[in-house]
Structure formats: structure tokens, C-alpha cells
Amino acid sequence: MKTEAAEAGERPPVSEETHAGSEDGPTSETLEDSADSEGPAETEDSVDAVDAVDSEDSADAEESEGSEGSAGSEGSEERGGPEEPDISGDDDPSATAVFRIPGLTPKPEDTPDIPDISGEEPDASIVDTSVLGSSVTDSSVVDSSVVDLPGVIDTEPLTKPEPEPEPEPDEGDDSDEAETTAEVRLPARRLAESPATGQEADEEAGLQAVQDVTQDVRVPAPVPRPHVPWTERLARSATAWLPPLLTIEGLIMYVLALRVAPGPLRGVDLTRIDGLGLISALPVTSFVAILLMITAFFVTIAQNTDRKFLLLFQLAVITFALHGAAALIEDTPRFHTAYVHAGFVEFINRTGTSSPILDARFAWPGFFALVAFVTKAAGVTDLTLILRWTPLLSNLLYLLPFVLILRQVVATTRARWFAALLFILVQWIGQDYFSPQGFTYAIYLAFVAIVLRWFGRVEVRDGAMPSKGRVRRLLARLDGLTPGELARSTGVYDRSIMLIVLIVLFGTATASHQITPFMMLGTLTGLILLRRSSLSWALPFFLGLIVLAWISYQTVTFWSGHIDELFGGLGKILENLQRNTGDRIEGSDSRHALVLMARLGICAVILLLAAIGLLRRLLRGVGDRAALLLLCVPVLALALQSYGGEIGLRIYLFALPGACILAAYAFFPNLPTGTAEAPDETVPIRRRVIRLDPLLTRRISLLLAAGCAMALSLSFLVARYGNEQFERVSNDEVQAMHYVYGHDKPSGRVLFLVPIIGPEVTPTIPWGERDFDKIEYQQVLVDKNPEQLSSVIDKFRVSPPNTYLVASRGQAAYLQLNHGFPTDWAQRFRTALDASPELKRVFNSKDAAVYTLKTYPKNAEVPQPRPLTGFGDRGSPMTPIGLGALGVTWIALFVYELQRLRDPGRVSKARRRILFVAVPAFLLAVAVIVERFIVIGFNQLQ
């Protein structure tokens, strides 16, 4: 007996989801590829076989229906009575049928018929014997079933005699041949009468006789489920519980290894840190824990299923282990510049304003003002805990928008999550501390994610190849590549909201940092130029005018006195590159040179992998324009300025998203074809003779990726914490600076040690945490000979009272590792200071000491703090006109972009009128900005 689904020839549904970059789905080359695809494709022979079986079953069903229908009609004519009801094709839940199924209780002798009134049409006479269907049993129904149709057929049996019952099996026997039968009552088919005529129609109008159809079906007994030991069941489900268990085990092992008291294979002794940094003091168990977490991650992605929450948890744990190591070990925040940023927040909270006269960073006070507002509202006065955990929190925050970016690329599950892991492992440069650049980097990633997610655009060239021109044919080939990005359609309301969010994010970054808005603007412009964004050119002009207006009107105090610093680096690419690479290696000792080489090595490896990944995707006919753009746009900043010798680090930081995406393709370059629950891979283009086993290639790729990740994780510890000897801040150094803060009334001066007097030397002490407007920080030259104190004494003599020299462990380590000072220089220098007859020590601890002159001249006075007022009016004659032009331009361009979101297909008259207003206003606003640079800069020179 066939089921209804089988008679209809239905097949299980096939997933319609394919990768967004291909319109026609996988080609014949895709099906033939066996080197990179992972799921077995359905062959033509198997499809034909299924069609043949379906057609044969359908034919048998039709023949059975025809024979039963004819027999029923003949029996009715022989009786000479009224037509008996026929079998309806619909189920009546109130009617029941009796089925004998092996293995259950025997059938009762007398089974009463249960009549029912059917609402079906009286002419329904379809014979359907598929009563059980596929929901009763998976075993096929045999043809020897006994079907009793009372009142319809009473002359001949419809089925063969029942076979002789076989002997019952012995007790406890699990044989599949058991023939014990029982009754199961199921809904029977309704029996509807044929239309009656004459008096019979008057008597039985509107009623329909329903009788029980007793059907004895002899089917094989259900096979009992074999008993599976719990150990085997546990082993079968290992893919579900093993990855989280390994992850949690590695996390616990790592925390214990770093937090317990130092001992064999455990604990961290900070005094053991040498030129290699923190890795020289970490116990072996910490490395084992990190490798265990990474192994658990690869066990998860080896399943090729998108287990989002588990993978995010594993990435968060790995981030905690790598970027939170210093916070676990050290009791005070690391990195000296974080303390001066906390001082900026303290100054804004105390005075309610920012002063670019004190520091150029106050010209971009957005980050400091935001933190000051939040901490003051929350009643937080001590930022120590925030400074300590900011690196970890920043990297966790970076991970969220980067994962959203990865959701917009056409890649396999393994490629996406491996790119996220690479992003964690190669982010060693340490710009994630409590700083504006760390804050605005998260804004940059969110900006890119929104543009790709809500304003993404994908266009595939389907026209003919140009007949002439090599460049045109090359561009046509590039346009014909399968897009490596997804384009998701969203509503106008959603895109309007996200457009406002984009502008707010850009404005926040512009008010907080100098470089980040230019990176955001360059990325947006490139996406529009490469046709990977649906936004118009109005938005780049809108955002670009925000940057120019902020520099012209809000940072006058900075750029009016630093024109050469602002534009002096334009075009000096080689010089800027030298200042960011070679200059940082010269003068280092042998062990610390390994740290710097490890940093350059990680950079070289990730760029090499990105190049390989890009090539492998191109060989498969995929064009990853967005990822390549994210990699290349930050490099253009080399032509701007050296940024205090750190522009190379910032370029590396902003290029990481694109580099990690392409580097993941070096191991997993294929495209997805399945759903998230059952993913598969395909290769759009394949021209290769050698074809390897896909299972083997997948295992090799996973092993290579896992080995690369483990090597990068160990290299990360060297590159990130290699400067821990002087980047680490001890509690003694903090207390030494607190002594100075307690004696800076009405002002004070702090002398810090430098080997060379220069304008861009950052103190290696926790400076500026308090009273930033009262204390001046000045350089004092020291010699490799620690007994040579002449420069120190001379500096004290020309300085007013309340001048203090801070001799600390961090400064001595910096001089030793980067400038070749002797290893015992710190101890000998402090001994010489103690022996000097002109100096006295006012604070002393293990890692820091504070000195000042014993006596000052009688008429010496402590000067008042520096004034916080500006230099008067810094405007120009055209400034009011420029402000009005700025407002008109921003309003016009914003309305234009909103109108375009509503109707992107054509240019309406309203949009043309808006452009007639926006273009002249934009030109006027830019002209006023140029006029301000000329007028104010010329007045400054005079």
C-alpha cells in the first residue's frame, strides 16, 4: 500500500540557498570538483533511479484503484439494491479502523461499528487504500492485507488467505521474524453514498451514511532499539560537548597558572622579566592552556557548522587569555600614556572645559569629555580599575563589529571564524589602551560594518567582453568575477536610521582623534568607487566637510602654531617608513631585538597570507573588492606625516580587518553553497588536472590553519608584551608621582630622563594623572656613565622651586633596552644621586625615588600655573559667511541622500534643485576654510 506522498511522486525539499555571489548556482564544473568541495553531490544516475521508482509506484497505485473500483460496482449491480456507499479519499477523525500490527495485543472478537455523519459531498467515491500513510510505520504494507468492506463487497474476498502462523520465538529472543499481532484503532476512511434518486433522495437528503472500515493489515513487527552503552552514546555526542569543555578547562588552567603564588610550573614572578618581555616569566602551564583553547576552537570549526554562540565564547576566552594577561598579573595599569589620558579626564571634570594650550590632544576632546561625563554621572573618581581592564574590553568590543563585517563576505563558516581568530592573534601593537585611538578604532569598525550591512551593493557584469583595449578587457574581466560580498536589501526606514548613525559615528570620531576620520572617509569613498556601496557621492562630501570644518574652527590653537608639523610630512613616504621601522630597531640589545623582529615578522606573515588568499580566490573567479580595499586604503596615510613616528603602527592597525579576511582565504578559499545548518562548499571555476580527495584537503587545511594559529599566539606574547620591562608600571612609581602631586602648589615641574633631547619623547613614568595644568614635564639629559650628573645639576639650578627629578625602574629599563645603557645603570645612578651634595631625596621606594635641590636662592619663588586662555580672536573676515555656508551645505546634502534612499532609481527634480543649492554652498564653505588657513597662518608668522 503506497502513501499519499509516494503516490504523488513527492521528494524531500532541496535547499534553495546558494552563495549570494552566483546567480545561476553551481555549474557543471562545480559538481565535478572533488578537490575543494566537501559535500557529496547528487549524480544524474541517482536522480533517474528515484524518478523510475516513483513512476512505477504511481502506476501500481493507479492500477489498484481501478480494479477495486470496478469490483465494487459489479457487486452493487448483482444485489439489485440501492447503490452502496463508496470509499472517500478524506479522513474522518471520528471513524476508526482496526489494524493488526505484529507485536501488540490480539484483536477483540466483537468490535462495534462506530457510525458518523460526514459533511462530504455525496458524490465522493474515490477509493484510497493508503489509510496508514507514513505516520503509522516505516515498514511497507504487504499486498496480503485483509480489508473488510461491509455492505460493499460480500461475494469474494479481496485478499489472499492468511498464511500459517510461524512458531512463536523463545522468550527473550529479539528476532525480527516475530508474528504476534494486535489491534490498533486508527481513523478510517469515510463512506459516502452516491447520489440517490426519487423517493430515496427525499428520505435521505442531507445525510451521509458512514460505516467502519475494518482493515486487517499484517506488517512486520517493529525492530526493538538495541541497547547502547552510555560510554558509546557519550562518544557519539563528543562533537557537542567536547569543545566547550576544553575551552572552559583551558580558561581555568590559564587563570590558575597566572594568579597562584609562583612555584614550579605555575605563578608569575615579575622580577624574572627580561628583554623578551612577559613571556620570559610565564609558566609552562599557561602556554598549554592557550594551545588547549585554540585546539577547542578548531575542533568546533572542523564540524563546519555555524555554532555562533559557542564560537563567540571561544573567541572571547582566547581574547581574555592573550589581551588580559597583564591585567591578571599586574595590580596597576600598564602603559604610561594611559595615565596622562586619565589626567585629561580629571582636568575636564575639575574645570569643566578643555584647553588646547596645555596639550594638542585637547583640540580633539571628544573621548575625554565623554568619559568625564560618564564617570562624573556614575560618581567614579578613581579610574585605576578602568585603565587596568581597558585593553581587554577594547578587544572584546572590536570583535563584535568585525564579526558583523565577516557576515557580509561570501565565505565558508571556517573561513569567517578563522579570520576572527586571526584578528585577535595579530593585534599586538597595543593601541587598545585607555586612549582616543583605541576608542575610535571601535567606531571605525562599526562604521565599516554598517556600510557593508545596510548599504552594501553587488553588481555582476553580464555584458559582452569589449573587443578592443587591454585595460578595458582587464576591467571587464574583473567586473565579471563572482562578488566576494553580500548585498542585503533593507527598508527605507532602516537605512534612514542607519544613515543618521553613520553621521553620528563619524562626528564622534572627528571630535576624538586626528587620523580615524580620514580612514573612515577613505574607506567609504573607495567602497562607492568600487561599486560596493549604494550610498551616493553626497555622503563623502558631507563627511569630508565635517573634518575640514573641525580642523579649521575647533583646532586653531593647535594648527596655527604647528603648520609645519601638520603638513610637513606630505609626500615623505620613504622617510616616514624609515621612522616607523628601521629607527625602532637601532640601538636595541640582542634579546630585545628579537621582540622587534617578531613584530615585523607577524606583519610580514599576515601580509603574505593575505596575498596568497587573494590569489586563491582570484583563481576561483571571486573578486574580494571590499577586503582588498580595507587592506590598501590605510597605506595611503604614509604620504601624510610620520605622526610622531607611529604612523606605521596606525596603518597596520587599520589594515588588519582586510588582511585577516584575505589571510583566512589562504586556507579556506571556497564559496558556501549550503545552509548554516548543513553547509557545503563549491568552486565556481576549476581548471586543474590534479584532483585530491576533498576530505584529505579539508583536513590538511585545518591542520595548517591550526598550526599557524598556535605559532601566531606564541609570537603574539612576544610582540605584545616584549616591552614589559618599561611599559609595566609598578605601584612604587605611582606613589612617587603622587608625592609630586601633593607638593605642586601652586605649580610644579617634573624632570624625566632621556638619552637625547627631542620634541617627541614620551616620559616613561606614570605622568599627568592629576594636576595636568599645574605641572610641567621637562627633559633632562643623562649619560651612560651614571656618575656623570652635571646635566642634572645644571637643570636643577635653572629651575624654580618645586622641581623634582623622578628616577624610576621603568626609565632605566627603557634606556637599557633601547639605547644600550648598562644593566646596572639604575642602581649606580641612584647611588650617585644619593651621594651628590646638592641634591636630597624626598621619596624613596624599591622601584622609584624622587630628588630635589637641597637649597634654593632666598628670592626664588614658585611661578603660577600656565594661563588657560587662548590667543584672542582667531577668526577671519569671511568666518561668519563660512559658518552659514556650512549649515546650508550639510542640510542640503543630508536631504539629498535621504531622497535618494527613497527613490534610488532615478534623479528627480527635487534632487536636482537640492544640488543647485548644495554645490555653491559647498564651494563657498571650502573657500572660507582656505581663507582662514591663509589669514590666521599669516598672522601667526608675523
Side-chain angles (χ1 to χ4, degrees), residues 242-300 302 313-332 334 388-389 391-392 395 418 421-422 424-428 430 589-599 601-602 605 702-728 730 813 817 823:
L242 184 59
L245 179 62
L246 291 178
T247 304
I248 296 175
E249 181 181 356
L251 176 62
I252 296 174
M253 182 187 302
Y254 186 80
V255 173
L256 292 178
L258 268 61
R259 291 295 299 176
V260 299
L265 302 179
R266 61 180 175 82
V268 178
D269 185 4
L270 296 178
T271 60
R272 295 177 51 193
I273 297 178
D274 56 17
L276 285 177
L278 185 62
I279 194 174
S280 59
L282 291 178
V284 178
T285 50
S286 64
F287 303 125
V288 175
I290 293 175
L291 297 181
L292 186 61
M293 297 180 215
I294 295 177
T295 301
F297 174 82
F298 278 94
V299 170
T300 304
F313 171 71
Q314 291 175 327
L315 291 176
V317 169
I318 296 174
T319 304
F320 174 81
L322 296 179
H323 295 272
L328 282 174
I329 298 171
E330 302 165 5
D331 297 330
T332 54
R334 66 189 299 271
R388 182 180 172 187
W389 292 101
L392 173 61
N395 283 278
F418 181 64
L421 178 63
L422 286 178
I424 297 171
L425 299 180
V426 299
Q427 210 279 81
W428 54 263
D589 68 356
S590 58
R591 295 178 65 86
H592 194 63
L594 296 177
V595 176
L596 302 179
M597 294 302 297
R599 294 179 172 182
I602 292 177
V605 167
L702 283 172
L703 290 177
L704 291 177
C708 177
M710 293 178 181
L712 287 175
S713 64
L714 298 180
S715 301
F716 170 88
L717 295 174
V718 178
R720 175 63 185 269
Y721 301 107
N723 294 337
E724 203 63 15
Q725 269 196 318
F726 59 87
E727 288 184 348
R728 177 173 62 92
S730 66
L817 295 177
T823 55

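The basis for the numbers below is simple: all heavy atoms, side chains too, and nothing from hydrogens, waters or symmetry mates. Just so it is clear, the model here is predicted, and its values are computed rather than measured.
Residues H323 and I424 approach most closely at NE2-O, 3.2 Å, considering heavy atoms. Considering all non-hydrogen atoms of both residues, I273 and R728 come closest at CD1-NE, 4.2 Å. Residues L291 and S713 come closest through the heavy atom pair CD2-OG, 4.4 Å. Between A289 and G250, the shortest heavy-atom contact is CB-O, 3.3 Å. When all heavy atoms of M253 and T285 are compared, the pair lying nearest together is SD-O, 3.8 Å. Nearest heavy-atom pair across P243 and A296 is O-CB, 3.6 Å.
From L278, atom CG reaches atom CG of N723 across 12.0 Å, with rounding to the nearest 0.5 Å. To the nearest 0.5 Å, the span separating OG on S286 from CG on L265 amounts to 10.0 Å. Residue I248 holds its CD1 atom at 7.0 Å from CD1 of I252, rounded to the nearest 0.5 Å. Distance check: L242 CG to T295 OG1 gives 10.0 Å after rounding to the nearest 0.5 Å.
In this structure, the side-chain hydrogen bond (donor to acceptor under 3.5 Å, both in side chains) partners of T271, at least two apart in sequence or on a different chain, are D269. For F313, there are no ring pair (Phe, Tyr, Trp, His ring centres under 6.0 Å) partners, not counting sequence neighbours. For D274, the salt bridge (charged side-chain N to carboxylate O under 4.0 Å, His left out) criterion is met by R591, not counting sequence neighbours. Not counting sequence neighbours, the partners of E727 by the salt bridge (charged side-chain N to carboxylate O under 4.0 Å, His left out) test are R334. Every residue two or more places apart in sequence or in another chain was checked for a side-chain hydrogen bond (donor to acceptor under 3.5 Å, both in side chains) with Q725, and none qualifies.
Two residues are said to be in side-chain contact when any heavy atoms from C-beta on lie closer than 4.5 Å; L322 and R720 fail this criterion. Inter-residue side-chain proximity for S730 and T332 is flagged as unmet; no heavy-atom pair is nearer than 4.5 Å. Within the 4.5 Å cutoff, the side chain of E724 has no heavy atoms near those of the I279 side chain. With a 4.5 Å cut-off on side-chain heavy atoms, Q314 and L421 do not count as touching. H592 has its side chain within reach of V595: a pair of non-hydrogen atoms, C-beta onward, lies under 4.5 Å apart. Side chains of F716 and Y721 form a contact here, defined as non-hydrogen atoms less than 4.5 Å apart.
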Item to check | Verdict with supporting geometry, L594 and V718, side chain to side chain contact (heavy atoms under 4.5 Å, CB included) | outcome: CA-CA 9 Å; L594 296 177; V718 178; 5.8 Å; no
Item to check | Steps toward side chain to side chain contact (heavy atoms under 4.5 Å, CB included) verdict (I294, I318) | outcome: CA-CA 7 Å; I294 295 177; I318 296 174; 4.2 Å; yes
Item to check | Worked verdict on R266 versus L256 for side chain to side chain contact (heavy atoms under 4.5 Å, CB included) | outcome: CA-CA 8 Å; R266 61 180 175 82; L256 292 178; over 6 Å; no
Checklist entry - Would L282 and I329 count as a side chain to side chain contact (heavy atoms under 4.5 Å, CB included) if you check the C-alpha gap in whole Å, the side-chain angles of each, and the deciding distance to 0.1 Å? => result CA-CA 10 Å; L282 291 178; I329 298 171; 4.0 Å; yes
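Residue pairs meeting the ring-ring contact (aromatic ring centres under 6.0 Å, His included) criterion with at least one member in residues 253-299, sequence neighbours excluded: F298-F418.
In this structure, R272 contributes its side chain and A281 its backbone to no donor-acceptor pair below 3.5 Å.
Ring geometry for W389 versus F320: interplanar angle under 30°, hence parallel rather than tilted (30 to 60°).
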